[in-house]
Amino acid sequence: MSQIEDYEKVADAYEESMGLRFRDAVEQHTLLGILGDVTGMKAVDMACGDGFYARLLKRAGASEVTGIDVSAEMLRRAEEAERRNPLGCKYRRAEVVGLRLEEPADLVVGMYLLGYARTGEQLRGFCQACHDALRPGGRFVGVNDDVRNPGSGDWKQYGLERTCPTPPAEGDAVRYRITNADGRQFELRNFYLSPDTYRNAFREAGFSDFRWVDVSLQPSERGNPFWDSFLKRSPIVGFAATR
């Protein structure tokens, strides 16, 4: 089964998982912190899925947001959400690698995009596509499986489990099992590539800098011991790079 089919098969459960507490308190808060002020920016959400983060970018003040995905089903869901609550997001069916935009963007967002790459060559392809979609000085940001902290892990209290070999080799599968509030479970598959492979891919794509950004917790949740285990060994990490 392809990764596209993986997501389409669990689309309903995945959408529901956006209600898990870590999504808002950690994932979204971390991304918003990396983004800073996006008012008036032209943004592209790569591998946008059902458009959740495209809509977040528009609500945050981006003037134009285009979501890119190869899945017709995911784009159908994104466009349906736009019809229900018009924000001005646009969507386009296309592969990330080889994408050509009419005009360069100020910002490219890739939420878990890079985890799809199972080889250094594929990762460079993603990075190159995101670099080429940007104007000079534009930024590529997102959230990713934390390859600095590999191996299996149990974050069941947050609705997450991760399974992969310890230590992992380049291209090994990283499987996430997500449990929603109603107990429904689904699995997603990423691939492990080393931190050095990531640094090399960004450099070879032409980015002037690349950095990992540790996750951060929403201020309203700070001091809550519930989050101690997640923050001590987070399965996810932010990143940022500039063209």
Side-chain angles (χ1 to χ4, degrees), residues 14-39 41 43-49 51-62 65 106-115 126-127 130 134 137-162 174 176-181 188 190 192-195 198-199 202 207-243:
Y14 186 84
E15 182 177 356
E16 183 183 330
S17 79
M18 299 309 293
L20 289 170
R21 290 176 66 186
F22 86 89
R23 294 287 206 180
D24 180 35
V26 179
E27 182 180 291
Q28 295 171 42
H29 180 72
T30 297
L31 177 66
L32 289 170
I34 299 170
L35 287 173
D37 185 4
V38 301
T39 302
M41 289 188 181
V44 175
D45 182 10
M46 295 289 197
C48 67
F52 180 92
Y53 278 100
R55 295 191 294 275
L56 182 147
L57 288 166
K58 201 68 172 69
R59 289 193 295 266
V65 179
D106 303 302
L107 178 69
V108 169
V109 172
M111 296 299 291
Y112 304 107
L113 164 70
L114 302 180
F126 286 147
C127 291
C130 293
L134 289 165
R139 294 189 302 143
F140 174 33
V141 307
V143 173
N144 198 66
D145 177 69
D146 192 349
V147 299
R148 308 170 308 167
N149 170 32
S152 298
D154 180 353
W155 297 269
K156 287 181 183 176
Q157 61 184 318
Y158 312 107
L160 286 174
E161 298 171 72
R162 183 176 71 186
V174 179
Y176 276 93
R177 177 178 293 166
I178 299 176
T179 304
N180 287 330
L188 296 172
N190 282 188
Y192 172 80
L193 295 171
S194 73
Y198 273 82
R199 283 191 290 270
F202 275 85
F207 284 101
S208 62
D209 64 4
F210 165 72
R211 62 188 175 96
W212 299 112
V213 181
D214 290 334
V215 296
S216 58
L217 186 63
Q218 199 173 66
S220 62
E221 294 287 346
R222 291 173 189 168
N224 183 347
F226 173 78
W227 297 107
D228 289 352
S229 294
F230 198 105
L231 298 178
K232 184 177 181 180
R233 185 181 176 232
S234 174
I236 60 175
V237 66
F239 68 86
T242 305
R243 172 168 179 173

Practice prompt. Taking the six-membered ring for Trp and the full ring for Phe, Tyr or His, determine whether the centres of Phe22 and Trp155 are under 6.0 Å apart.
Written response: no
Practice prompt. To the nearest 0.5 angstrom, please state how far the SG atom of Cys48 sits from the CE atom of Met111.
Written response: 12.5 Å
Worksheet item: Leu35 versus Leu57: any side-chain heavy-atom pair under 4.5 Å?
Response: yes
Worksheet entry | Donor-acceptor contact below 3.5 Å, side chain Thr30 vs main chain Ser216 | yes
Fill in: Aromatic plane relationship, Trp227 with Tyr158 - under 30° parallel, 30 to 60° tilted, over 60° perpendicular
parallel
Worksheet item: Closest heavy-atom contact between Phe140 and Val109?
Response: CE1-C, 4.3 Å
Worksheet entry | Nearest heavy-atom neighbours spanning Gln28 and Leu56 | OE1-CD1, 4.0 Å
Worksheet item: Can you tell me how far the CG atom of Leu20 sits from the OG1 atom of Thr179, to the nearest 0.5 Å?
Response: 8.5 Å
Fill in: Side-chain touch Leu107/Val44, heavy atoms, less than 4.5 angstrom
no
Worksheet item: Is there a side-chain contact between Asn149 and Arg233 (heavy atoms, below 4.5 Å)?
Response: yes
Worksheet item: So do the side chains of Arg243 and Cys130 get within less than 4.5 Å of each other, counting heavy atoms only?
Response: no
Discussion item. Is the ring pair Phe239/Phe210 parallel, tilted or perpendicular, if the boundaries are 30 and 60 degrees?
Written reply: tilted
Item to complete: Scan residues 21-39 for pairs that pass salt bridge (Lys or Arg N to Asp or Glu O under 4.0 Å), counting only residues two or more places apart or in two chains.
Response: Arg21-Glu221, Arg23-Glu27
Worksheet entry | For Ser194 against Tyr192, the heavy-atom pair lying closest together | CA-OH, 3.5 Å
Practice prompt. Check Leu160 against Pro235 and note the closest heavy-atom contact, atom names and distance.
Written response: CD1-CG, 4.0 Å
Worksheet entry | Interatomic distance, Tyr112 atom OH to Leu188 atom CG [nearest 0.5 angstrom] | 10.0 Å
Item to complete: Check whether any side-chain N or O of Tyr53 sits under 3.5 Å from a backbone N or O of Gly110 as a donor-acceptor pair, and report yes or no.
Response: no
Worksheet entry | Spatial distance of atom CG (Leu217) from atom CZ (Phe230) [nearest 0.5 Å] | 9.5 Å
Worksheet entry | Main-chain N/O of Ser208 paired to Thr242 side chain as donor or acceptor, under 3.5 Å | no
Item to complete: With side chain to side chain contact (heavy atoms under 4.5 Å, CB included) as the test, would you mind laying out the steps for Asp214 and Arg148 before giving the verdict?
Response: CA-CA 11 Å; Asp214 290 334; Arg148 308 170 308 167; 2.8 Å; yes
Response to the item:
Asp145 meets the side-chain contact (heavy atoms from CB on, under 4.5 Å) criterion, sequence neighbours left out, with Val147, Arg162, Val174, Tyr176, Asn190
Worksheet entry | Heavy-atom closest pair, residues Gln218 and His29 | N-CD2, 3.5 Å
Worksheet item: So which heavy atom on Phe126 is nearest to which on Leu113, and how close?
Response: CE1-O, 3.9 Å
Discussion item. Please determine whether a side-chain nitrogen of the Lys or Arg among Lys58 and Asp45 lies less than 4.0 Å from a carboxylate oxygen of the Asp or Glu.
Written reply: no
